[in-house]
Structures are given as structure tokens and as C-alpha cells.
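Taking it in order: structure first as C-alpha cells, then the write-up.
Because only heavy atoms are used, hydrogens play no part in the values below, and waters and symmetry mates are left out as well, while side chains stay in. Numbering of residues begins at 1 and proceeds along the displayed sequence.
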Amino acid sequence: MELNHLQRIEGGVVAARGFRAAGIHAGFRKNPQRLDMALVVADELCPAAGVFTQNVFCSAPVTVSREHLDGIGCGVARAVVINSGNANAATGEVGLDRARAGARLASEVLGCAEEDVLVCSTGVIGVQLPLEPYGRALPALVDQAGDSVRDGRSAARAIMTTDTHDKQHAVSYICGSGPHAGARITVGGMAKGSGMIMPNMATMIGVITTDAPLSPAAAHHALTTAADRTFNKVTVDSDTSTNDTALLFASGKAVAGAGTFEIGSAEYDEFVQALLLVCENLARQMAADGEGATKLVTVNVRGAADDADADEVARSIANSPLVKTAIYGHDANWGRIAAAAGKTKATFRQEDVDIAIMGIPVCRKGLALDFDENEALRRFEEPEVVIDVGLGAGDASTTVWTCDFTHEYITINGDYRT
């Protein structure tokens, strides 16, 4: 679908009308130069939706945010408070009490109900979350969010863990049909994610805002659709975090009095397309910023018997340490790609498989092709490496984003707690 007057715009999570954000050093981290608490707040209570990790060791803030979204991932909310440096995961009843206390303390400063505040945490697992930073920093955080500057950068920086840079994206478009035709709709967001990334309903922590008029159910339907096609197609190291959360807030400020976008309508489909653009951009940023990564790797699988087969093959290739280290070494070793595809339970025949690396055909009908190794080395200098695999077994296809594995990945994760 081609959106009318589509524009990429600045502002990230505060690009849409009706939202403010800020980031501050609250004291969760020892380094006073590291921002470690973020707030995204709507001007008014608004429809909100969330998708969350399915890891059995889900964190306390995931449990509390689910509760505040009526236990089904959609409802209404006013704000989300996010801390980095401490995951508040595997912390038992004490952790749950502290997650709820964090929401309560934020609600008191914001002047709203406790259940209207969502909470997220990211950082080290198994350490109790201190509450002192909430009481100390929340008033200043809310004041900072009240400033007129339309920039979500400080909030995006405050949620980073091993990320090397903040991740933001926003677009706007003109609604082309229905009762809201002519209205300019904005979708913007921020995300963090660099390691412990393999999706399972969501992957990372992300907050997306829009001024489109959505019901809670429509927001949840749209977010689930987008997460399945974007966030759930990212893998850095095949590990699913205990804290994965993606949230969508919809202020409705782009229009007034014309009702909400109905699921299945043309204007709803336009919105989902814009949401997909934002989520895909954030997903690609996360894959490119994988811990220690030097390359974004895009794995395209086509010709699968069904969607499940396409996804299984793409993930097997994207998660293969042999494939990922070959890419780091600039080695067009297609045999590792074929082996990663072949170890799955997907239905295909090796004599039907075609493989290309960075547009260079290296395997056709399951057999090696001669190719220019020097040209392959030249193309490995590009920031993105694209792997295309055709299975010749059907019409299903998918794309998964990952990164290479480097020495630095081991260094980062070997030293994470120290």
C-alpha cells in the first residue's frame, strides 16, 4: 500500500500529537553520565496496547503492565515509566511490590490512577529494584517532560543497556479515505535492543505513539500484527529476554469527533502500514546494533511450503553461529547456509534450493556455482549483508533480520555484570 504524502519526520516517540517524554539519571546506574529512567506520558488518558515476552521467567514489570492493560494486552493508560540498569526479573513478590510501587509513585506525580501507569525495566536479572530513584527523580522527570521541546532523544537514551546508540523513528501521512480523509496521521517510536534478542510476542523494549483515533482493541490488533511481522523477525543471539515489551499509545489528537479507525477499514489498513514502517525501521536498527555487530544481516526465504516452514528456515540461518561468524570473516561460505536450512523440519528437497549472497548466486538447484570471490569480498564491505534462499517447495516467504557474531560479542557478555 502506498501512503499519501508519506514523510519521515523528527521527534521519535513524541512526534505524534498529545505526547511528551524525557530521560534522566535517577541512580539505577552508578555512572552519573548514564541516563537510566525514561517517561513517556500522554496529555490525557488514552487507548493503549502491549505485547509481552512469553519467557517463563517474565519480569515483575511485565506482570504489572499486563495487569494494568486488563490482563489482555489492551485498555487505557496515561504513561509508561522505564528504568535501565535493573531488570526486576526473578525477584518474587518483593519485585512485584516494587513494580507496583513504581507505578504508584509515578501516578502520584502525574495526578492519575496507579493502574493508568505502565512500567518497564531492563538490565541485570535477579537483583531487587531500588525504589529510592523513583522518589528522588520522578518530579524532575515529569517537569522535564513538560518542556516544550519536541524531542524524544533523552528518553530513548535512558532505556539503553548495551546499545551503542538510541533508536528512534517517526513517519506521517495523509489519510486517504473514510471519514478521516485529509487528516495527517503521525506514528513515532523508540526502542532498545542489542542482546538477548530472539522474539516471542515482542523483543526488546519499545514504545510507539500515534495521534490516530484507535479503540483499545484496534490498537492491540494493529500492534500484534506489526510485532509479528517486524519485532518478531529479529534475532541477535536466539535468546528471549525476561522483559520484552512493546507498547502502543493512541491519543486520537489528529482528528476530532469523527469516530475511531475500524479494524478492516481502508483507513485502519493505512495506519497499520505506517505502523509497520516504524516498527520495521526500529527492528532493523536493533539487528544492526546487535552486541559487537559489524553488519546488519537480512535473511530472505521464499518458496517455502507454508509460513511456518519459511520462518523456521530463516531463523535457523539467522541464528547459526557458523553463518554469523562467516559473515564477520567476509567468507561467502554458502554451505553453512545450506546446512542451517537443511537441519530444520521444513519440507523441501535439496535439489530445488537456490542461494544468493549479496545478490551473487552461489548455489542453484542444490549445487555449487562458480562466483567471483573478489567481488564477494568487495560486497562484504557494505553495512548490510543480504542472504536470499529459495526452497522451491511452495509460495510462502518471510524476512528475518540478524547480525554477525564477533569477538566483541563475547567480551560484552563475558563482562556484563561487572
Would the distance check show the side chain of Arg98 and the main-chain N or O of Leu131 forming a donor-acceptor pair, the cut-off being under 3.5 Å?
no

Is it true that the side chains of Gln285 and Asn281 contain a donor and an acceptor less than 3.5 Å apart?
yes

Please walk me through it: do Phe261 and Ile185 pass side chain to side chain contact (heavy atoms under 4.5 Å, CB included)?
CA-CA 12 Å; Phe261 289 176; Ile185 305 297; 4.1 Å; yes

Answer whether the closest heavy-atom distance between the side chains of Met286 and Phe231 falls below 4.5 Å.
yes

Donor-acceptor check, side chain of Thr224 to backbone of His220, threshold 3.5 angstrom: yes or no?
yes

So salt bridge (charged side-chain N to carboxylate O under 4.0 Å, His left out) across residues 38-60, not counting sequence neighbours, yields Arg20-Asp43, Glu44-Lys253

Considering residues at least two apart in sequence or located in another chain, which fulfil the side-chain hydrogen bond (donor to acceptor under 3.5 Å, both in side chains) criterion with Arg157?
none

Thr209 side-chain N/O to Val13 backbone N/O, donor-acceptor pair under 3.5 Å
yes

Between Ser121 and Asn83, does any side-chain donor sit less than 3.5 Å from a side-chain acceptor?
yes

Backbone N or O of Asp211 within a donor-acceptor pair of the Thr186 side chain at under 3.5 Å?
no

So which heavy atom on Ala219 is nearest to which on Leu248, and how close?
O-CD2, 3.5 Å

Sole residue of Asp163, Asp166, Thr162, Thr122 in side-chain hydrogen bond (donor to acceptor under 3.5 Å, both in side chains) with Lys192:
Thr122

Do Asp289 and Thr164 have a side chain donor and acceptor closer than 3.5 Å?
yes

Closer than 3.5 angstrom, by distance alone: can the side chain of Ser316 be matched with the main-chain N or O of Glu312 as a donor-acceptor pair?
no

Indicate yes or no for a side-chain donor-acceptor contact from Ser107 to the backbone of Arg104 under 3.5 Å, with no hydrogens or angles considered.
yes

Do you know which two heavy atoms are closest between Cys403 and Lys324, and how far apart they sit?
O-NZ, 2.8 Å

Is there a donor-acceptor pair closer than 3.5 Å between any side-chain N or O of Ser65 and the backbone N or O of Val62?
no

Please answer whether the main-chain N or O of Ala158 pairs with a side-chain N or O of Ser84 as donor and acceptor at a distance below 3.5 Å.
yes

Could you tell me whether the side chain of Trp334 reaches within less than 4.5 Å of the side chain of Ile360, counting heavy atoms only?
no

Any Leu96 side-chain heavy atom under 4.5 Å of Thr63 side chain
yes

Between Arg29 (side chain) and Asn86 (backbone), is there a donor-acceptor pair under 3.5 Å?
no

Run Leu247 and Leu118 through side chain to side chain contact (heavy atoms under 4.5 Å, CB included) and show every step you take.
CA-CA 9 Å; Leu247 302 171; Leu118 307 179; 3.9 Å; yes

Minimum heavy-atom separation for Leu39 to Ala145, with atom names?
CD2-CB, 4.1 Å

If you measure from the Lys or Arg side-chain nitrogens to the Asp or Glu carboxylate oxygens, is any gap between Asp311 and Lys233 under 4.0 Å?
yes

Check whether His25 reaches the backbone of Arg34 with its side chain - one donor and one acceptor, N or O, closer than 3.5 Å.
yes

Going by heavy atoms in the side chains, are Val323 and Val299 under 4.5 Å from each other?
no

Holding to side-chain hydrogen bond (donor to acceptor under 3.5 Å, both in side chains), I want the full list of residues that pass it with Thr294, two or more places apart in sequence or in another chain.
Asp404

With distance as the sole criterion, is a donor-acceptor pair present between the side chains of Asn300 and Thr399 under 3.5 Å?
yes

According to salt bridge (charged side-chain N to carboxylate O under 4.0 Å, His left out), does anything in residues 66-89 pair up with another residue at least two apart or in another chain? List the pairs.
Glu67-Arg100

Taking only residues two or more places apart in sequence or in another chain, which ones pass side-chain hydrogen bond (donor to acceptor under 3.5 Å, both in side chains) with Tyr173?
none

Value rounded to 0.5 Å, distance of CZ in Phe249 from CG in Leu45
10.0 Å

Pairwise side-chain contact, Ile9 with Gln7, heavy-atom cut-off 4.5 Å (strictly under)
yes

Using the side chain to side chain contact (heavy atoms under 4.5 Å, CB included) definition, which of the options Ile159, Ile205, Val14 pairs with Met190?
Ile159

Residues 376-387 side chain polar contacts: donor-acceptor under 3.5 Å, at least two apart:
residue	atom	partner	partner atom	Å
Arg378	NE	Glu375	OE1	3.1
Arg378	NE	Glu375	OE2	3.3
Arg378	NH2	Glu375	OE2	2.6
Arg379	NE	Glu375	OE2	2.8
Arg379	NH1	Met358	O	2.7
Arg379	NH2	Glu375	OE2	3.3
Glu384	OE1	Arg284	NH2	2.9
Glu384	OE2	Arg284	NH1	3.2
Glu384	OE2	Thr298	OG1	2.6

